[in-house]
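Quick caveat, the model's predicted, so the values are computed rather than measured.
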Amino acid sequence: MKKSFLSALLAGVCGLHSAFAAEPITFEWFEYAGRDAALSGPLPAGSFHNPILAGYYPDPSIVRVDDKFYLVNSSFAHWPGIPIHESTDLVHWTLVGHALANPSKVRFDGLDISRGVFAPSIHFHAGKFYIINTLVDAGGNFFVTADNPRGPWSDPVWLKDIDGIDPSFFFDDDGRTFVLNNGPPEGAPLYNGHRAIWIQEMDLTANKLVGPRKVIVNGGTELAKQPIWIEGPHLYRIKGWYYLMCAEGGTERNHSEVIFRGKSPWGPFEPYQDNPILTQRDLAADRPAPVTNAGHADLVQMKDGGWWAVFLASRPYRDYLFNTGRETWLLPVHWKNGWPVILERGKSIPYVVQGPHALLPEKDPDWDPLAGNFTRRDEFDMAEPGHEWLQIYVPSSTWYELLNGNLVIHPLAAGLDARRNASFYARRQAHQRFAASTELTPPGSPGTAAGLAVYQNDSHWYFFGARRRGDRLELFVERAAGDSRATVKTVTVAAIADLRLLVNGDGERYSFFYDAGIGWQVLHDNDDGSFLSTELAGGFVGTVLGPYARQE
């Protein structure tokens, strides 16, 4: 293992501190590898793998600015908030920033991990980028602006005059600006899930909503059939028509995307007679390599005039179980009698798609792989950890540093069940079949536990760690599965300087291996990790995993 004099010195100094100071833990590297069967095999020329952002990247919104595309996703109570990815071909994406990156401006403590950032929408107008969003249970609706998507982004401008979620801007050709959003209907709801889409004009100079608010869709495509959870509105002006596209049916099996059009942003809007324009809810549940939950889409036009849609969907490994959350997918849009259609009903979402004309022939080796089967190894030898790393909840202090090619974590007392920031640095689980491994210097004294965590929410996680027991190390697997929390396996080994840990996942089966100097040994094999699925854990996020240390 690479040795850092400064890391060793820090460890020694911290060891002399009071019992309230935690021993720093050094991680040399972290590696993630995904090997899904549906993503294996060579790609045909000019094609790409769906999903384009694998793992937990829900509620995509997209905008094109000249030759570049920018994409944002929900991040809920993970941190930093609202990731912003950039692409030149719609397929290969690079994280370039976050719209919420100042921890003094927001706070998610005490919330479920699936609250916070809901469905941001990104726009470009008059040389400026806009992202509008809802912080659920953490402040309400707001927007931020930037001259460059890499930032800096403005402080949130709060919109106190609207309730509901999923706001988006619409900048009309005549200079007017509108805000659309999901909200309660006028009067009492007629049934559970009865919502409406509202519109109101926005004064960008005064940064406030002005004039009357109006319902432009009540309930959904056909109120008599009691459609539920109309949300995620996006308005487009195309060839003299105003097209209003929304998600409908809830974000689970019945999720879909529907389209309306009218001659004014105020309506009236007529629904497309063959709605929905995207869904998987009518397909056989036992189909091979199923994709489900499809909806919450956004449209973008290429410079060549072609249209594409990004949307969320999920990949179950069995029944309705998926641990990877809702991911970002891409499909071409075709026009039918003046209506945009993403996928004809009855068709399965493909894993391999013929790409846009702008598709690059191969990936830049510096890009973080985010689609297909890939291996990503972080050596922690940069100024910051690699792309796509995240934390749970908003940090109130900096508890990690990169020193001489190592990630050094100064453990916090907060556990994974605390609903506040813990000393856990994570990446998304992006595959049904994966391996995640690391090498660390294990704790040298009692009071600290360190290793790898696999986390869905505060009551559904694994901790595969090591702690000091006298002159030996105890290795353990902790499992929190709802109301049940237990240490499922332990082993005691000789104290060593370097410890390697490995978590293998294959659908619902999670296995835990260690190398304490004599090669890989199994500690716990084929544990049922289906409790990490959204179906059992609840919420809207996916599993994340990575180095973790805590005070004990």
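- A distance-only check finds a donor-acceptor pair linking the side chain of E257 to the backbone of A297 [under 3.5 Å].
- Between the side chains of W399 and N421, at least one donor N or O lies within less than 3.5 Å of an accepting N or O.
- One finds the CD atom of Q391 at 5.5 Å from the OH atom of Y425 (value rounded to the nearest 0.5 Å).
- The two atoms that bring S121 and S61 nearest to each other are CA-OG, 3.4 Å, heavy atoms only.
- The environment of NZ in K263 is crowded: more than 12 heavy-atom neighbours from other residues, nucleotides or ligands sit within 6.0 Å.
- Listed for the R326 side chain is a donor-acceptor partner under 3.5 Å among the backbone atoms of T251.
- A distance of 10.5 Å separates OG1 of T534 from OH of Y56, quoted to the nearest 0.5 Å.
- Checked by atom type and distance alone, the side chain of D66 never pairs as donor or acceptor with a backbone atom of K68 at under 3.5 Å.
- A side-chain donor-acceptor contact under 3.5 Å links S423 to the backbone of L412.
- In this structure, I162 CD1 and Q200 CD are separated by 7.5 Å, a value rounded to the nearest 0.5 Å.
- Contact check for V300 versus L90: side-chain heavy atoms found under the 4.5 Å cut-off.
- The closest side-chain heavy-atom distance from I52 to N50 is below 4.5 Å.
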>> Determine whether E222 and K225 satisfy the following criterion, salt bridge (charged side-chain N to carboxylate O under 4.0 Å, His left out), listing intermediate values before the conclusion.
In response: CA-CA 6 Å; E222 191 174 348; K225 293 184 177 180; 3.6 Å; yes

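- Looking at R213 and D161, no side-chain N of the basic residue comes within less than 4.0 Å of a carboxylate O on the acidic one, giving no salt bridge.
- Between F169 and the choices F143, F124, F129, the ring pair (Phe, Tyr, Trp, His ring centres under 6.0 Å) rule is met once, by F143.
- Relative to the ring axis of W198, K214 does not place its NZ or CZ within 45° and under 6.0 Å from the centre.
- Interatomic distance, CD1 of I132 versus OG of S168, reported as 7.0 Å (0.5 Å rounding).
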>> Between W93 and L53, does the side chain to side chain contact (heavy atoms under 4.5 Å, CB included) criterion hold? Intermediate values first, please.
In response: CA-CA 8 Å; W93 295 89; L53 296 183; 4.0 Å; yes

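- T543 and Q456 share a side-chain donor-acceptor pair at under 3.5 Å.
- A donor atom on one side chain and an acceptor atom on the other are found under 3.5 Å apart for T134 and N141.
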>> Please evaluate residues E201 and R176 with respect to the criterion side chain to side chain contact (heavy atoms under 4.5 Å, CB included), reporting the C-alpha separation (whole Å), side-chain torsions for both, the decisive distance (0.1 Å), and the verdict.
In response: CA-CA 7 Å; E201 196 163 353; R176 292 182 301 167; 3.4 Å; yes

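- Side chain of T145 to backbone of S154: no donor-acceptor contact under 3.5 angstrom is found.
- Between E388 and R376, none of the side-chain N atoms (NZ, or NE/NH1/NH2) sits under 4.0 Å from a carboxylate O, so this pair counts as no salt bridge.
- Side-chain contact between F540 and D59: absent, with no pair of heavy atoms (C-beta onward) separated by less than 4.5 Å.
- Taking the six-membered ring wherever Trp is involved, the centroid distance between the rings of W307 and Y243 does not fall below 6.0 Å.
- A distance of 6.0 Å or more separates the ring centres of Y57 and W329.
- With a 4.5 Å cut-off on side-chain heavy atoms, C246 and L244 count as touching.
- For Y236 and D298, the side-chain atoms include at least one donor-acceptor pair closer than 3.5 Å.
- Taking the six-membered ring where the residue is Trp, W79 and F108 present perpendicular rings, their angle passing 60° and hence far from 30°.
- H85 and S87 share no donor-acceptor pair across their side chains, judged by distance under 3.5 Å alone.
- The CZ atom of F76 lies 5.0 Å from the CZ atom of F118; values are rounded to the nearest 0.5 Å.
- Looking only at side-chain heavy atoms (C-beta outward), Y32 and Q429 come within less than 4.5 Å of each other.
- Counting only distance, with no hydrogens or angles, the side chain of T177 and the backbone of M202 share no donor-acceptor pair below 3.5 Å.
- Between F374 and H431, a ring centre-to-centre spacing shorter than 6.0 Å is recorded.
- Residues D163 and P184 have side chains in contact (heavy-atom distance under 4.5 Å, counting atoms from C-beta outward).
- Salt bridge annotation for R428-E327: absent, with no cationic side-chain nitrogen under 4.0 angstrom from a carboxylate oxygen.
- Remark: H460 NE2 to S533 OG distance equals 8.0 Å, nearest 0.5 Å.
- Closest approach of P290 and R287 over heavy atoms only: CD-O, 3.5 Å.
- The main-chain N or O of P316 is found under 3.5 Å from a side-chain atom of Q432 such that the two form a donor-acceptor pair.
- In this structure, the side chains of L283 and V291 stay at 4.5 Å or more apart for every pair of heavy atoms.
- Residues K336 and Y272 approach most closely at CD-OH, 3.6 Å, considering heavy atoms.
- No side-chain heavy atom of L299 sits under 4.5 Å from any side-chain heavy atom of H234.
- For D304, the CG atom sits in a packed shell: over 12 heavy atoms of surrounding residues, nucleotides or ligands are nearer than 6.0 Å.
- A donor-acceptor contact shorter than 3.5 Å links the side chain of S74 to the backbone of A119.
- Judged by distance alone, the side chain of S256 and the main-chain N or O of G249 form no donor-acceptor pair under 3.5 Å.
- Listed for the R115 side chain is no donor-acceptor partner under 3.5 Å among the backbone atoms of A77.
- In terms of heavy atoms, N293 sits closest to L312 at O-CD1, 3.2 Å.
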